[in-house]
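Take a look at the structure below.
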Amino acid sequence: MKIQISEIHLKDPKAKEYAAKKVERLTKYHPKIERINVRLFGEKAHRNQKHNFTCEIDVAIRGHVLEVIDGEKSIDKAIDMATDRM
């Protein structure tokens, strides 16, 4: 199984490590996972200074690709919500 994590408009090594640790747990639910792609986005909100974070997870299982997108006010919460939904 191959795990690839990429960050867009976000430079936080702790978030990358946290995402890797969380998505590794998905293998216990389905043993035939071929690859997992995680994309972490950080964006400024339009009307205020707070940031919005998005986590996209693509899981490839033989013949299928499952995708989950979730956004939150914190990157850790976005990763948690996306992995829970997956």
Side-chain angles (χ1 to χ4, degrees):
M1 179 189 69
K2 180 181 175 186
I3 297 175
Q4 180 181 3
I5 300 173
S6 59
E7 298 173 321
I8 300 171
H9 303 294
L10 180 71
K11 293 184 174 143
D12 188 3
K14 290 182 182 179
K16 216 172 188 181
E17 292 172 17
Y18 185 73
K21 185 174 74 170
K22 292 293 277 189
V23 297
E24 283 178 7
R25 296 180 185 174
L26 295 175
T27 58
K28 72 178 181 181
Y29 297 111
H30 201 290
K32 295 184 180 181
I33 294 176
E34 296 174 354
R35 68 175 163 76
I36 299 174
N37 290 335
V38 180
R39 287 181 296 282
L40 305 173
F41 298 94
E43 300 177 0
K44 277 192 176 180
H46 293 285
R47 305 228 182 243
N48 57 18
Q49 296 299 327
K50 295 182 181 177
H51 293 273
N52 290 326
F53 298 97
T54 306
C55 177
E56 295 182 8
I57 301 176
D58 295 334
V59 175
I61 301 171
R62 186 176 301 160
H64 301 284
V65 176
L66 307 172
E67 181 179 34
V68 171
I69 301 171
D70 206 329
E72 292 289 331
K73 295 283 183 191
S74 127
I75 191 65
D76 295 341
K77 287 182 183 178
I79 293 168
D80 288 341
M81 292 298 291
T83 54
D84 290 347
R85 287 180 54 207
M86 183 57 74

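Numbers here are sequence positions counted from 1. Small disclaimer: the values here were computed from a predicted structure and weren't measured.
- Of all heavy-atom pairs spanning Leu40 and Ala15, the tightest one is CD1-O, 4.1 Å.
- The shortest non-hydrogen separation linking Arg39 to Asp58 is NH2-OD2, 2.9 Å.
- At least one side-chain heavy atom of Glu7 sits under 4.5 Å from a side-chain heavy atom of Lys16.
- Residue Ile5 is grouped with residue Leu66 when hydrophobic side chains (ILVMFWY) are merged at heavy-atom distances under 4.5 angstrom, including chains of intermediate members.
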Glu43 vs His9, side chain to side chain contact (heavy atoms under 4.5 Å, CB included): CA-CA, chis, key distance, verdict: CA-CA 7 Å; Glu43 300 177 0; His9 303 294; 5.6 Å; no
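- Between Ala78 and Phe53, the shortest heavy-atom contact is CB-O, 3.9 Å.
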Residues Asn37, Glu56; criterion side chain to side chain contact (heavy atoms under 4.5 Å, CB included); working and verdict: CA-CA 8 Å; Asn37 290 335; Glu56 295 182 8; over 6 Å; no
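- Linking Ile, Leu, Val, Met, Phe, Trp and Tyr whenever their side-chain heavy atoms come within less than 4.5 Å leaves Phe41 and Ile79 in two separate clusters.
- Ile3 is connected to Leu10 through a chain of hydrophobic side-chain contacts under 4.5 Å among Ile, Leu, Val, Met, Phe, Trp and Tyr, so both are in one cluster.
- Atom-to-atom distance recorded for Thr83:OG1 and Tyr29:OH is 9.0 Å, nearest 0.5 angstrom.
- Cluster annotation: Ile57 and Ile61 are assigned to the same hydrophobic cluster (Ile/Leu/Val/Met/Phe/Trp/Tyr, side-chain heavy-atom contacts under 4.5 Å, transitive).
- Between His30 atom NE2 and Met86 atom CE the span is 12.0 Å, to the nearest 0.5 Å.
- Annotation: the span from Lys14 atom NZ to Ile75 atom CD1 amounts to 14.5 Å, rounded to 0.5 Å.
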Checking side chain to side chain contact (heavy atoms under 4.5 Å, CB included) for the pair Gln4/Ile36: CA distance, chi angles, key distance, verdict? CA-CA 6 Å; Gln4 180 181 3; Ile36 299 174; over 6 Å; no
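- There is no path of hydrophobic side-chain contacts, each under 4.5 Å, that joins Leu26 to Ile69.
- In this structure, Asp70 does not pair ionically with Lys77, as no charged nitrogen and carboxylate oxygen lie closer than 4.0 Å.
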